[in-house]
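Remarks on the structure that follows.
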Amino acid sequence: MKPQKTDSFYDKIYAAVQQIPPGCVATYGQIAALAGNGGAARAVGNALHKNPLPGVIPCHRVVNAKGRLAPHFAFGGTGRQRSLLEAEGVEVRGEYVDLGRFQWRSQ
DNA sequence: GCTATGACCTAAT
DNA sequence: AATTAGGCCATAG
């Protein structure tokens, strides 16, 4: 049997994003993998775009495979994100983040 | 079940 | 560097 206590994949995605520790960032593919579907990066992006739980989901910790922030953000823009990430200790270069140093990984 | 959408990924032009 | 094209997946109507 499967310990499935959620209904939609989106719900897992939101949970995965909330699991991201401060000072770290995760890629869409990583969130998709945590949600149980590696490769569903697109679904992850859609889930966050809908952002049903603003203020609860730290979307600013989610970046794409290149460590780049989204072109648009439900928070007000990438500039807004840059401030939040830097505030947590993440070095942001324009719209890019150093994945080799701040990408969230199992410790 | 099909169509349309999307904050993705990669390659090609 | 920017745009286009194809591929991948899930959701909503």
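The chains referred to below are lettered A, B, ... by the order of the sequence lines, with proteins before strands, and numbering in each begins at 1.
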Shortest side-chain distance from A:Phe9, nucleotide among B:dG6, C:dC9, C:dT11: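 For the A:Phe9 side chain, the nearest candidate turns out to be C:dT11.
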Among the nucleotides B:dA7, B:dC9, C:dA10, which one has an atom lying closest to any side-chain atom of A:Ala41?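 Taking heavy atoms from C-beta onward, the closest nucleotide is B:dC9.
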Look at the side-chain heavy atoms of Ile, Leu, Val, Met, Phe, Trp and Tyr, link any pair under 4.5 Å apart, and say whether [X] and [Y] land in one connected group.
X: A:Val25; Y: A:Leu84; answer: no
X: A:Phe102; Y: A:Leu69; answer: yes
X: A:Val97; Y: A:Val62; answer: no
X: A:Ile20; Y: A:Val44; answer: yes

Rounded interatomic separation in angstrom, taking [atom1] from [X] and [atom2] from [N]:
X: A:Leu99; N: B:dC9; atom1: CG; atom2: P; result: 10 Å
X: A:Ile57; N: B:dA7; atom1: CD1; atom2: P; result: 16 Å
X: A:Tyr14; N: C:dT11; atom1: OH; atom2: P; result: 9 Å
X: A:Ile13; N: C:dA10; atom1: CD1; atom2: C1'; result: 8 Å
X: A:Tyr28; N: B:dT10; atom1: OH; atom2: C1'; result: 17 Å
X: A:Asn37; N: C:dT11; atom1: CG; atom2: C1'; result: 13 Å
X: A:Ile31; N: C:dC9; atom1: CD1; atom2: P; result: 18 Å
X: A:Gln30; N: C:dC9; atom1: CD; atom2: P; result: 19 Å

Heavy atoms under 4.0 Å, any strand shown: does A:Ala43 hit a base, just sugar-phosphate, or nothing? base
Is any side-chain nitrogen or oxygen of A:Asn46 closer than 4.0 Å to OP1 or OP2 of B:dT5?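 Looking at the OP1 and OP2 atoms of B:dT5, neither is under 4.0 Å from any side-chain N or O of A:Asn46.
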Mind running a 4.0 Å heavy-atom check of residues 61-69 of chain A against DNA chain B and sending the residues that fall below it, in number order?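 Listed by number, they are A:Asn64, A:Ala65, A:Lys66.
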Indicate yes or no: at least one non-hydrogen side-chain atom of A:Pro22 is less than 4.5 angstrom from one of A:Arg61. yes
May I ask you to test the A:Trp104-A:Leu34 pair for a side-chain heavy-atom distance under 4.5 Å? yes
Of all heavy-atom pairs between A:Ile31 and A:Ala26, which one has the smallest distance, and what is that distance? CD1-CB, 3.9 Å
